[in-house]
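Reading through the structure tokens given below for one structure.
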Amino acid sequence: KNRAFTYIEILIAVVMLGMVLIPLLSQFYIGFKGNVTSELVTKSVDLAEELIEEIRSKQFDEHLYPEEPVAFASLGIDAGEDANDRRTFDDVDDYNNWQKSPPQAVDGTVLSEFSGFSRSVIVDYVNLSGPQWVHSDTATYYKRIRVFVLHPKISQRVLETIVSDY
């Protein structure tokens, strides 16, 4: 008796192997895609945290708390500060409406490992109302800092913190 495989047996084995490998390989692709997304999310959170810490290192306001309420429109850069040079920012609200793409270090150096990302900031006065912070149209002892990080392949990430003049 001859104990070799026939063409039909080999063909059946190849078809069965293909039927098993295709779903397996698709799982590898899904896993790889998940890793890429996870890496982008991690990078976006790192970018947001870095900027929030930079902002929190600034003083609450460059002036003493005003006796008269200050309009919300007064938030933002002041005379002598340059929107393109964060080194000139001296208080938290100088970052209001700031945005940059691609992300840069405080000295203006482009962070090349974060290409495709953009960052923006909104700073506003807030008050505590029940269990949550709400926007205030006048100056308070609290400012909310929201850092937004955007990348075309993931949903926008937002980190938020409250700073106080106390």
Side-chain angles (χ1 to χ4, degrees), residues 18-63 70-129 131-137 139-165:
M19 290 172 55
V20 169
L21 281 180
I22 289 174
L24 239 144
L25 292 177
S26 70
Q27 291 302 314
F28 281 117
Y29 173 74
I30 290 169
F32 175 74
K33 188 175 176 184
N35 284 343
V36 170
T37 301
S38 163
E39 181 181 348
L40 291 173
V41 168
T42 300
K43 283 184 171 185
S44 68
V45 171
D46 288 347
L47 280 169
E49 285 177 341
E50 182 269 332
L51 189 54
I52 278 213
E53 290 307 314
E54 175 187 323
I55 298 169
R56 288 175 52 98
S57 74
K58 305 295 182 185
Q59 60 189 9
F60 181 79
D61 204 304
E62 61 194 67
H63 307 289
V70 175
F72 174 71
S74 69
L75 295 174
I77 61 171
D78 302 305
E81 297 167 348
D82 180 358
N84 293 312
D85 186 357
R86 295 190 333 250
R87 293 175 294 187
T88 65
F89 293 0
D90 59 3
D91 65 359
V92 169
D93 66 70
D94 292 341
Y95 290 84
N96 188 40
N97 292 322
W98 176 89
Q99 60 184 19
K100 192 60 74 176
S101 179
Q104 298 176 354
V106 71
D107 65 0
T109 305
V110 173
L111 302 172
S112 58
E113 67 271 21
F114 296 102
S115 65
F117 287 92
S118 64
R119 296 190 291 186
S120 61
V121 179
I122 294 177
V123 178
D124 63 338
Y125 286 108
V126 290
N127 279 315
L128 188 59
S129 175
Q132 58 189 329
W133 293 96
V134 294
H135 170 78
S136 173
D137 287 330
T140 68
Y141 290 105
Y142 305 99
K143 291 179 183 172
R144 174 176 46 197
I145 304 164
R146 288 179 286 174
V147 174
F148 303 84
V149 179
L150 191 59
H151 189 279
K153 293 184 178 178
I154 58 172
S155 60
Q156 176 175 267
R157 300 291 169 206
V158 182
L159 262 61
E160 181 176 305
T161 190
I162 305 293
V163 293
S164 172
D165 193 29

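Worth saying up front: this structure is predicted, and the values here are computed from it rather than measured. Both backbone and side-chain heavy atoms feed into the values below; hydrogens, waters and symmetry mates do not.
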To the nearest 0.5 Å, how far apart are [atom1] in [X] and [atom2] in [Y]?
| X | Y | atom1 | atom2 | value |
| --- | --- | --- | --- | --- |
| W133 | D124 | CH2 | CG | 11.5 Å |
| L40 | K153 | CG | NZ | 7.0 Å |
| Q104 | T109 | CD | OG1 | 8.0 Å |
| Y141 | S164 | OH | OG | 9.5 Å |
| K58 | D91 | NZ | CG | 9.5 Å |
| L47 | L150 | CG | CG | 11.5 Å |

So does I145 get a backbone contact from the side chain of T161, meaning a donor-acceptor N/O pair under 3.5 Å?
no
Non-hydrogen atoms of [X] and [Y] that approach each other most closely:
| X | Y | value |
| --- | --- | --- |
| V110 | P102 | CG1-CG, 3.8 Å |
| T88 | G80 | CB-O, 4.2 Å |
| V123 | V92 | CG2-O, 3.8 Å |
| G116 | P152 | O-CD, 3.3 Å |
| S101 | S118 | CB-CB, 3.4 Å |
| R56 | I162 | NH1-O, 3.9 Å |

Side chain to side chain contact (heavy atoms under 4.5 Å, CB included) for V147 and I55? Distances and angles first, verdict last.
CA-CA 10 Å; V147 174; I55 298 169; 4.3 Å; yes
Side chain to side chain donor-acceptor pair (under 3.5 Å) pairs touching residues 42-54, sequence neighbours excluded, are E50-R119, E54-R86, E54-Y95
Is the shortest heavy-atom distance from the side chain of [X] to the side chain of [Y] under 4.5 Å?
| X | Y | answer |
| --- | --- | --- |
| S155 | R157 | yes |
| L128 | Y142 | no |
| L75 | Y125 | yes |
| N96 | I122 | yes |

Quiz question: by atom type and distance under 3.5 Å, do the side chains of N127 and S129 form a donor-acceptor pair?
no
K143 bridged to D93 by N-O distance under 4.0 Å
yes
